[in-house]
Structures are given as C-alpha cells and as structure tokens.
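Read through the structure below, which is laid out as structure tokens, and then see the notes.
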Amino acid sequence: MARIVTFFIMLVFWVLISGMFDAFHLGVGVICCLLVAIFSHDLLFYGHPDLLWVRDIFKVLAYFPWLFYQIVLSSLEITYIVLHPRMLEIIDPRLVRFRTRLRNTMARVTLAQSITLTPGTITVNMSGNEFTVYALTQKAAEGLPGEMETRIARALERE
Amino acid sequence: MIWQLDLFLLTLVVVCALGTITVRGLLSATIIFAAYSFLMCLLWAEMGAVDVAFTEAVVGAGVSTIFFIAALFRSTTRSRLVIRGVDDPHHLKDQGWKILPLMLSVITGVLLFYGMADFPAWGDPQSPPNVHVSSYYIENAVRETQVPNLVAAILGDYRGYDTMFELVVIYCAGVSVVSILKQENL
Amino acid sequence: MSIVSWVVAVLLFLGVFFFAIGAIGILRFPDFYSRLHAAGKCDALASTLALVAIALFNVRDFDWTLFQSWDNLRVSLKILLIILFVYVATPAATHAITKAAFIVGIEPWEKRKRNR
Amino acid sequence: MTMDTVFLLASLGLLVSTALALIRVVGGPTVLDRIVGVNVVGAQTTVLLVLIGFLFGNISMFVDIAIAYAMLNFILAIGVTKFFLRRKSARGGSEET
C-alpha cells in the first residue's frame with residue numbers, strides 16, 4: 001500500500017517538474033517512479049507501514065498555520081533586536097537543557113525543527129530525549145518547551 | 001541583460017575573488033570560493049546563459065567545494081588551526097612579491113590582449129561563426145537532433161565524440177579523487 | 001496597477017526587508033550563535049514572502065480554458081515547492097552548523113555580569 | 001510604475017543585502033561564520049534567480065535552477081559541517097555527539 005501511494009506522489013512530482021505531456025516523457029516518468037516506489041518506499045513513510053498516517057496528515061496540516069504564526073512572531077522579535085541601538089543590553093544568551101516527553105522519532109525531529117524556527121531559540125543538540133537549546137533572551141529560555149510540545153504531541157503522537 | 005544588476009554583481013564577484021586570494025587559511029578560502037561560485041552562477045543566469053549557470057551551480061558551488069573540503073580535512077593534522085582561520089606559520093615567510101611569476105603573468109596577459117585585436121567585433125553579424133555555423137545550428141538543430149535545447153544539442157550531438165571523451169576524462173578524475181580520499185590514515 | 005499587483009509588490013518588498021534584516025543581523029550580533037538566529041529565521045520568512053509574491057504574480061490572470069494558464073499554475077506550484085524545501089532545509093542546516101560549532105568548541109558570548 | 005520596475009527595485013534591494021552578507025563571508029572571524037554567511041547569500045540568490053526569470057519573461061527555465069540552487073545551498077552546509085563532526089569522532093571525542 002505504501003508503495004502505491006509513494007508511486008502516485010512521485011508521479012505528481014514528476015509531472016510538476018517536467019511539464020512535458022507526450023507519451024515518451026510520461027513513460028520515462030512512470031518507469032522512474034515505479035523503480036523509486038519499489039526500492040525506497042520505506043523512506044517516505046518511515047515507521048508507518050500501515051495506512052494510519054492518512055489520519056495524521058490532517059493533524060499535521062493543522063499544526064502548520066500555528067508554526068507560521070510563530071515564525072512571523074520570531075522574525076519580528078529578531079527585527080526589533082537587530083534594529084535596537086543598544087542591542088547588547090537586550091540579549092542575554094544562554095544554554096538550556098530539558099527533557100521531552102515525546103517518544104515518536106518523527107515528533108522529536110519536528111520539535112527540534114520547530115524550536116529552531118520559533119522565537120529566540122535554536123536546537124543545539126538532541127540525544128535521546130534530552131534537548132540542548134540555545135536561547136537568545138531569558139524570556140525565550142523560560143518558555144521551553146511549553147505550548148509547542150503539546151501541539152506536536154497532539155499532531156504526531158499516537159497513543 | 002540588465003546593466004544595473006550586471007554592474008552590482010560584477011562588483012560583488014570581484015570582492016569575493018579578492019577575498020579568496022587574500023584570506024589566510026585554506027578552509028576560509030574554500031568557503032569564500034563557494035560564495036564566488038554562487039554569485040558567478042547568478043551573473044551567468046542574469047546574462048541569459050542558463051545552461052552555464054546550471055553547470056556552475058552544480059559543479060562549482062556543490063561538488064568542487066565538497067571535494068576541496070574533503071581534501072583539506074584528509075591532508076592536514078592541524079584542523080584546529082584551520083578551523084580558527086589561521087594557517088601554518090611557515091607559509092607566512094613566503095609573503096612578498098615574486099619577480100619571475102609576476103613578469104610571466106604580465107607577459108602572458110599582454111600577449112593575450114595582443115591576440116584579442118584580431119577577433120571580430122563583439123556580436124558582429126558578419127563574422128564567420130555568425131554567418132555559417134550558428135545559422136546552420138539554429139535552423140537545423142531541432143529537426144536533426146530532436147533536442148529542444150540548442151546548447152545541449154550542440155554539445156551532445158554535433159560534438160558528441162568530443163563530449164564523450166571529455167566525460168571519460170572527468171570520470172577518471174572523479175574516480176581518482178574518490179579513491180584518494182577513501183584511504184584512511186592518509 | 002491592479003490590486004493583485006499591489007499585494008505582490010508589498011509582499012515582495014516585505015521579503016526584501018526581512019532579507020536585509022537578516023544580513024544586518026549577521027553583521028551586528030556579537031557572537032556566532034546569535035548570528036545564526038538572524039540568519040535562519042529571517043531567511044525562512046523572507047524567502048516565503050518573496051516567493052509567494054512571485055508565485056501569485058505568475059497566476060495573476062488565470063483562465064482555465066488556456067493551456068498557458070495551466071502551465072503558469074504548474075510553475076507557481078514549483079515555486080511553492082521551493083518554499084517547502086526551504087522550510088525543511090533551513091532549520092536542519094542551522095542545526096548542523098550549530099552542532100559543529102558546539103563540538104569544535106566556540107564559546108558563546110555571555111553578559112559580563114554572568115562571568116563571575 | 002510598471003511591475004518590471006518593481007521587480008528591478010526588489011532585486012537591487014536584494015543585492016544590497018547580499019553585499020552586506022558578503023562582508024561577513026569575507027571578513028568573518030571563524031570558518032563557521034563564513035558558512036553562515038554563504039548560507040544567507042544562497043537563500044538570497046535563490047529568490048534573486050526567480051526574480052531575474054521574471055525580468056527575462058522566461059520564468060519556467062529559471063525556476064529549475066532556483067530549485068537546484070536551494071538544494072545545493074543545503075547540501076553545502078551539511079557537507080561542510082559533516083566533516084567537522086567526522087573529524088571529531090575520528091579522534092575519539094568524549095563529548096556527546
């Protein structure tokens with residue numbers, strides 16, 4: 001099942017990129033997509049051999065607008081800091097360590113990426129369930145892991 | 001060709017080139033050279049040579065940078081010095097003007113400029129390549145080769161043997177680089 | 001200029017503005033790690049704004065009877081694909097660089113009062 | 001004011017910020033600073049390529065380069081940092097990796 005879905009995703013991708021609709025190009029595309037789907041379908045649906053991920057896609061899509069909102073916020077905050085004449089008085093960088101309760105690998109990676117994208121924090125290291133995060137201000141350091149972990153748990157964790 | 005972008009990009013490229021040859025530390029020079037390749041690709045795309053830009057992006061910025069860095073990390077044991085941007089102190093003694101190389105390059109440059117005087121003017125419609133060769137390619141390439149891209153048609157079909165053995169040479173170079181870099185404890 | 005053109009222009013210049021902020025940021029911040037903040041975040045947002053503007057402008061007069069319009073739509077989807085890639089790639093690259101710096105041992109800049 | 005002028009102004013603005021980022025690339029104190037600078041330059045150039053495609057009126061061709069470009073920008077950062085990490089593990093680093 002995962003193979004068939006991979007095949008169709010790859011085919012859509014091929015048509016999108018190539019833009020040629022004659023028989024030769026479409027045929028080459030179908031052959032390539034078949035090969036990719038047979039050999040490496042397990043890369044796209046990592047750890048999801050069944051079809052349960054279809055349900056998850058919508059949850060993940062619901063997570064994205066919130067993430068984009070956070071990215072806008074973080075960029076505005078960076079803008080404020082960068083343009084402030086006495087920048088060095090505002091920032092107070094520090095390293096923070098915390099443990100996450102997410103168990104799914106995919107969820108952990110998403111958390112790391114989201115932390116990097118949101119206000120004032122960058123993931124430095126992730127080993128097991130311990131995160132090392134570099135925070136730009138004290139306020140950003142205190143807000144970890146906070147709301148984001150809850151939202152990711154809702155989107156990607158399956159109990 | 002948009003001359004405002006052209007001038008600006010050329011300035012940036014020259015800055016990058018100067019940075020590459022003046023910076024101390026080989027790894028730093030490699031990184032600046034990657035930026036140079038990126039800007040060069042942009043310049044070519046901006047002049048309309050999309051194929052060349054594509055090649056420059058993939059070969060210049062991608063592959064060659066990775067190879068340079070691989071070679072650097074395999075060949076030096078003073079990685080900390082390299083990372084900090086400091087080069088081997090023994091190299092510093094050799095700073096200063098070398099008369100012979102300077103004269104050689106100046107003479108070569110003068111000769112090249114002298115030879116350039118015989119070229120037809122830039123974009124001259126009466127020059128031999130524009131009269132005979134180009135028009136033939138433009139008229140017949142699509143019909144004869146079925147390749148929609150003219151540059152690819154010339155390189156891959158009309159000059160097929162040339163390109164093929166060129167690829168053999170590049171392939172051999174790639175294989176030797178990989179086999180050298182694969183040796184552990186070099 | 002039509003209303004789509006205005007929206008496109010505003011989005012485009014917002015993108016350019018955030019790119020400029022990112023560039024100024026990596027010049028002004030005191031240490032390596034805080035420079036990464038400016039680089040990673042502002043670039044992601046700025047690419048999104050500028051590329052969305054261009055994709056929008058590309059399909060400005062969409063007519064479903066013309067093949068050309070559908071081709072334009074395909075190109076716009078390709079541009080959106082770049083955005084998706086930027087969102088996956090930028091945090092990963094930032095993370096990789098940070099980790100390398102951490103392992104090499106570049107010291108984070110700290111406020112004077114914390115260095116007892 | 002036509003849209004071409006808008007695109008031209010935007011690309012000139014982008015080039016100014018590219019120049020600012022290049023200052024960090026050429027003058028950065030450590031190699032990693034330079035890598036960050038190159039990353040920023042790469043992101044700006046991706047957008048700039050698409051803009052130039054519009055100025056030429058042939059965008060479908062330039063979008064392909066822009067995609068390749070975005071990927072290369074990523075591969076460059078990953079490739080460079082990978083060598084730092086491997087160097088550390090080859091020397092038997094004791095820190096967590």
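Keep in mind that the numbers below use all heavy atoms, side chains included, and drop hydrogens, waters and symmetry copies.
Most heavy-atom pairs under 4.5 Å with chain B: of the set I75(D), L72(D), N73(D), this distinction falls to L72(D). For the set L8(D), D64(D), V41(D), the entry with the most heavy-atom pairs within less than 4.5 Å of chain B is L8(D). Considering only heavy-atom pairs separated by less than 4.5 Å from chain D, the leading option among A35(B), G19(B), A34(B), A45(B) is A45(B).
Interface residue A68(D): only side-chain heavy atoms are found under 4.5 Å from chain B. Heavy-atom distances place both the backbone and the side chain of I65(D) under 4.5 Å from chain B. Using a 4.5 Å cut-off between heavy atoms, I52(D) contacts chain B through its side chain alone, with no backbone atom that close.
In this structure, F38(B) has its ring center closer than 6.0 angstrom to the ring center of Y69(D).
Note that CD1 of I32(B) is 7.0 Å distant from OG1 of T22(B), once rounded to the nearest 0.5 Å.
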Exercise for review: Dump the intermediate steps for side chain to side chain contact (heavy atoms under 4.5 Å, CB included) on L22(D) and C16(B), then the final yes or no.
Suggested key: CA-CA 8 Å; L22(D) 266 187; C16(B) 266; 3.5 Å; yes

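Other residues, nucleotides and ligands place no more than 12 heavy atoms under 6.0 Å from the CZ atom of F68(B).
Checked by atom type and distance alone, the side chain of R24(D) never pairs as donor or acceptor with a backbone atom of R34(D) at under 3.5 Å.
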